[in-house]
Amino acid sequence: MVTSMSAQPGWTSKAAKAVFTLKTFKADGSLLGSSNGFFINENGDAISSYAPFAGASRAVIIDASGKEMPVEYMIGANDMYDVAKFRVTGKKIQALTMASTTARTGAQVWMLPYTVKKPAPISGQLSKAETFQDAYAYYTVRMQMADNAVGCPLLNDNGEVIGLMQQQARVGDTLSYAISARFVADMVINGFSLNNSALKNTLIKTGLPNQQDQALLMMYMANTTLDSIGFAHMVDDYIMKFPQSEEGYINRAQLAANRNDFAAATRDMQQAISVSNPKDNAHYAYSRIIYQKEIVKHDLPFAEWNLDLAAEEAKMAYDINPMPAYRHLQAQIWFAQKKYDEALQAYQELQNTDMRGAEIYYETARCYEMKQDTTAMLALLDSAVNVHSKPYLKEAAPYLWARAIARMSAGKHRLAVQDMNEYEKLMSSAGLTAEFYYIREQAEMGGRLFQQALNDIRKATELAPREAVYFAERASVESRVGMHAEAEQSARECIRLDANSSDGYLLLGLALCQQGKKTEGLPQLQKAKELGNPQADAIIARFQ
């Protein structure tokens with residue numbers, strides 16, 4: 001029942017200042033939902049029901065004095081129990097005291113509704129306290145609760161909060177329900193909170209854990225789970241919360257470099273180096289960001305950055321702490337600088353470390369390729385492939401392809417085709433392109449595997465029916481195997497797609513002449529000659 005002023009507990013007026021009403025809003029600013037809640041500490045941590053937060057873009061609370069305060073971030077949420085914990089931005093916050101023990105059955109309790117007028121607590125009696133998760137109580141109370149009381153606090157005689165009021169089973173029911181306030185208050189953020197389905201279902205940001213290692217884990221996870229704007233906000237929050245941690249500045253520098261703001265990236269990396277101790281990771285990160293920019297965005301000049309600076313930062317990292325990862329970056333930078341001997345020496349050193357593997361063998365092979373040592377290059381590509389065993393997994397695909405191209409360049413066409421066949425098995429589910437079939441056809445022709453070559457070039461033209469080059473190659477293969485009528489049709493399609501294709505006219509003229517149609521074929525060969533085809537004269541002489 002609602003108590004009179006004279007019968008109210010002495011703590012009522014003070015406790016009422018901790019209770020508020022909650023309003024949530026959609027992205028367009030329209031009202032989404034409302035509930036009640038209360039503060040559990042003076043830092044602004046509060047608890048309420050979760051339902052209004054689902055799909056919300058923004059939330060505010062209105063306290064007992066009518067003052068509006070924004071919800072800053074979520075701390076926890078559980079949609080099964082319909083509870084949420086969050087942080088509110090405000091000053092001089094009055095909070096309730098949490099009861100340290102579970103209330104006893106039969107005890108008198110009080111539900112304190114939200115009001116900006118004189119508080120009027122409702123008295124009730126505990127009829128049941130059921131334990132869940134071994135430590136918390138779910139209360140059944142003999143009390144007729146007002147319709148708008150969801151989220152209000154349930155307190156004991158001492159004015160300590162024991163529960164958070166929940167929805168009644170039926171309107172007007174004489175039994176009400178409350179979930180342990182301590183259960184909601186005990187919810188904390190950790191590094192995996194971004195996977196919490198209830199938190200993912202609200203657009204209000206999730207706060208960072210208080211433990212730096214957990215906050216760092218969350219930031220790493222956010223890089224792949226949040227969009228770029230959400231991740232950028234989290235990085236800023238991390239820097240604000242942990243200003244002496246280099247990781248926040250490194251991540252913000254990478255974001256700045258991604259949007260081509262290299263000056264901002266420089267400032268953040270200088271700050272990262274300044275606060276770090278030891279400084280090797282910060283120097284390494286700075287080197288990596290510069291290197292990535294110089295390789296991928298070399299057409300965007302930034303006077304302060306170049307490969308020499310990247311090499312200098314990598315050297316400082318390695319001098320402080322000679323980790324293989326730092327040596328690897330040095331090798332990559334030297335390769336980009338065309339310092340192949342220095343890069344080769346570094347890669348050879350890495351083959352004696354825990355980094356030894358397919359990638360290191362492949363990168364070493366590239367050094368020998370630049371030094372034009374085909375034998376050593378192929379041997380290292382063998383090593384890269386042999387790191388993987390048959391039946392191959394997809395991880396082996398890039399190394400099989402690299403070896404296939406190298407074998408093809410070395411004239412080992414049939415071996416190249418074998419690698420390409422293995423590559424096809426691994427990558428067919430991803431959808432192979434016309435270019436793959438075109439390149440394999442080239443290898444098959446070199447290995448005199450004519451039927452396979454014909455199948456592949458036809459597949460290429462099916463996948464890329466507007467590519468004139470593929471139809472010219474198809475006509476060439478068809479002529480090679482004596483399919484002159486088919487070659488004629490392929491050559492005509494090539495010319496239809498590209499009226500200036502000298503190969504198209506050459507192959508059309510050849511196909512016609514091989515069918516005994518010299519009167520039609522020779523003018524096509526002459527057209528190829530006029531377009532500058534170097535083979536035209538020899539074929540004209542052959543059929544004149």
Side-chain angles (χ1 to χ4, degrees), residues 216 220 223-224 246-247 249-251 253-255 257-258 262 265-266 268-270 272-273 276-298 305-373 376-388 393-403 405-406:
L216 188 58
Y220 286 152
N223 196 15
T224 56
E246 66 197 71
E247 295 294 343
Y249 302 107
I250 290 171
N251 277 275
Q254 184 66 69
L255 288 171
N258 291 347
F262 306 122
T266 298
D268 271 327
M269 284 312 309
Q270 289 172 343
I273 293 168
S276 61
N277 184 28
K279 300 183 182 298
D280 55 296
N281 181 59
H283 284 298
Y284 168 70
Y286 193 19
S287 174
R288 188 181 64 243
I289 290 173
I290 297 169
Y291 168 72
Q292 289 171 344
K293 182 268 174 192
E294 291 300 298
I295 295 300
V296 178
K297 300 179 178 180
H298 55 85
W305 286 8
N306 51 52
L307 288 173
D308 288 339
L309 178 59
E312 180 182 337
E313 291 291 330
K315 181 180 185 302
M316 283 191 279
Y318 190 77
D319 287 347
I320 295 170
N321 184 5
M323 290 180 60
Y326 302 164
R327 194 63 161 165
H328 185 209
L329 182 56
Q330 283 185 295
Q332 291 175 313
I333 295 168
W334 285 327
F335 184 89
Q337 292 177 309
K338 299 183 180 180
K339 297 179 179 179
Y340 303 124
D341 289 332
E342 290 92 330
L344 182 57
Q345 181 178 346
Y347 282 125
Q348 288 170 337
E349 290 175 14
L350 290 168
Q351 290 176 27
N352 296 316
T353 70
D354 291 342
M355 286 194 72
R356 180 181 64 251
E359 182 183 3
I360 297 300
Y361 288 129
Y362 168 71
E363 291 178 325
T364 311
R366 291 191 67 207
C367 289
Y368 279 114
E369 180 184 9
M370 295 299 106
K371 291 169 67 67
Q372 299 183 341
D373 188 339
M377 176 187 67
L378 286 171
L380 282 156
L381 289 174
D382 286 343
S383 296
V385 172
N386 291 338
V387 167
H388 306 274
L393 300 178
K394 275 192 176 180
E395 289 77 10
Y399 308 110
L400 284 163
W401 184 254
R403 188 173 69 175
I405 298 301

For Gly357 and Val387 the tightest heavy-atom approach is C-CG2, 4.1 Å
Which residues satisfy the side-chain hydrogen bond (donor to acceptor under 3.5 Å, both in side chains) test with Gln351, sequence neighbours excluded? Thr364
Of all the heavy-atom pairs spanning Tyr368 and Met377, show the shortest one and how long it is. CB-N, 3.9 Å
Report the residues that fulfil ring pair (Phe, Tyr, Trp, His ring centres under 6.0 Å) with Tyr284, sequence neighbours left out, ordered by chain and then residue number. Tyr326
Report the distance from atom CG of Asp373 to atom CG of Leu344, rounding to the nearest 0.5 Å. 9.5 Å
Heavy-atom pair of closest approach, residues Asn306 and Ile290: O-CG2, 3.4 Å
Nearest 0.5 Å please: distance from the OH atom of Tyr249 over to the CD atom of Gln270. 13.0 Å
Assess the residue pair Phe335 and Met370 against the criterion (side chain to side chain contact (heavy atoms under 4.5 Å, CB included)); give the C-alpha distance rounded to whole Å, side-chain angles, the decisive distance to 0.1 Å, and a yes or no. CA-CA 9 Å; Phe335 184 89; Met370 295 299 106; 3.8 Å; yes
Between Lys297 and Gln292, is there a donor-acceptor pair closer than 3.5 Å when you use the side chain of the first and the backbone of the second? no
Residue pairs meeting side chain to side chain donor-acceptor pair (under 3.5 Å), one or both in residues 331-343, sequence neighbours left out, come to Asp308-Gln337, Gln332-Glu363, Asp341-Lys371
Nearest heavy-atom neighbours spanning Met355 and Ala325: SD-N, 3.7 Å
Are the side chain of Thr353 and the backbone N or O of Glu349 linked by a donor-acceptor pair below 3.5 Å? no
Answer yes or no: is there a side-chain heavy-atom contact under 4.5 Å between Tyr286 and Thr266? yes
Only pairs at least two apart or in different chains count here, so list each salt bridge (Lys or Arg N to Asp or Glu O under 4.0 Å) that has a residue in residues 276-294. none
I want to check something: taking the side chain as every heavy atom from C-beta on, are Ile320 and His283 in contact at a cut-off of under 4.5 Å? yes
What heavy-atom pair brings Ala282 and Glu246 nearest, and what distance separates the two atoms? N-OE2, 3.7 Å
Note: Ala346 and Ala331 closest approach over all heavy atoms is CB-CB, 3.7 Å
State, with a plain yes or no, whether a side-chain heavy atom of Asn281 is found less than 4.5 Å away from one of Ser276. no
Quick one: which residue pairs count as a salt bridge (Lys or Arg N to Asp or Glu O under 4.0 Å) with a foot in residues 310-322, not counting sequence neighbours? Lys315-Asp319
CD of Gln348 to CG of Leu380, rounded to nearest 0.5 Å, is 8.5 Å
Classify the side-chain pair Glu247/Tyr220 by whether it contains a donor and acceptor separated by less than 3.5 Å. yes
Do Leu350 and Arg356 have side chains that approach each other closer than 4.5 Å (heavy atoms only, starting at C-beta)? no
Listed by chain and number, what are the side-chain contact (heavy atoms from CB on, under 4.5 Å) partners of Ala253, not counting sequence neighbours? Ala265, Asp268, Met269, Ile289
Between the CG atom in Leu400 and the CD1 atom in Ile405, the distance rounded to the nearest 0.5 Å is 11.5 Å
Over 60° means perpendicular and under 30° means parallel, so tell me whether Trp305 and Phe262 are parallel, tilted or perpendicular. tilted
CD1 of Ile250 to CG of Leu255: how many Å apart, nearest 0.5 Å? 12.5 Å
Check the pair Tyr318 / Met323 against side chain to side chain contact (heavy atoms under 4.5 Å, CB included), numbers first and verdict last. CA-CA 6 Å; Tyr318 190 77; Met323 290 180 60; 5.9 Å; no
Is there a side-chain contact between Leu381 and Tyr362 in this structure, where contact means two heavy atoms from C-beta onward sitting under 4.5 Å apart? yes
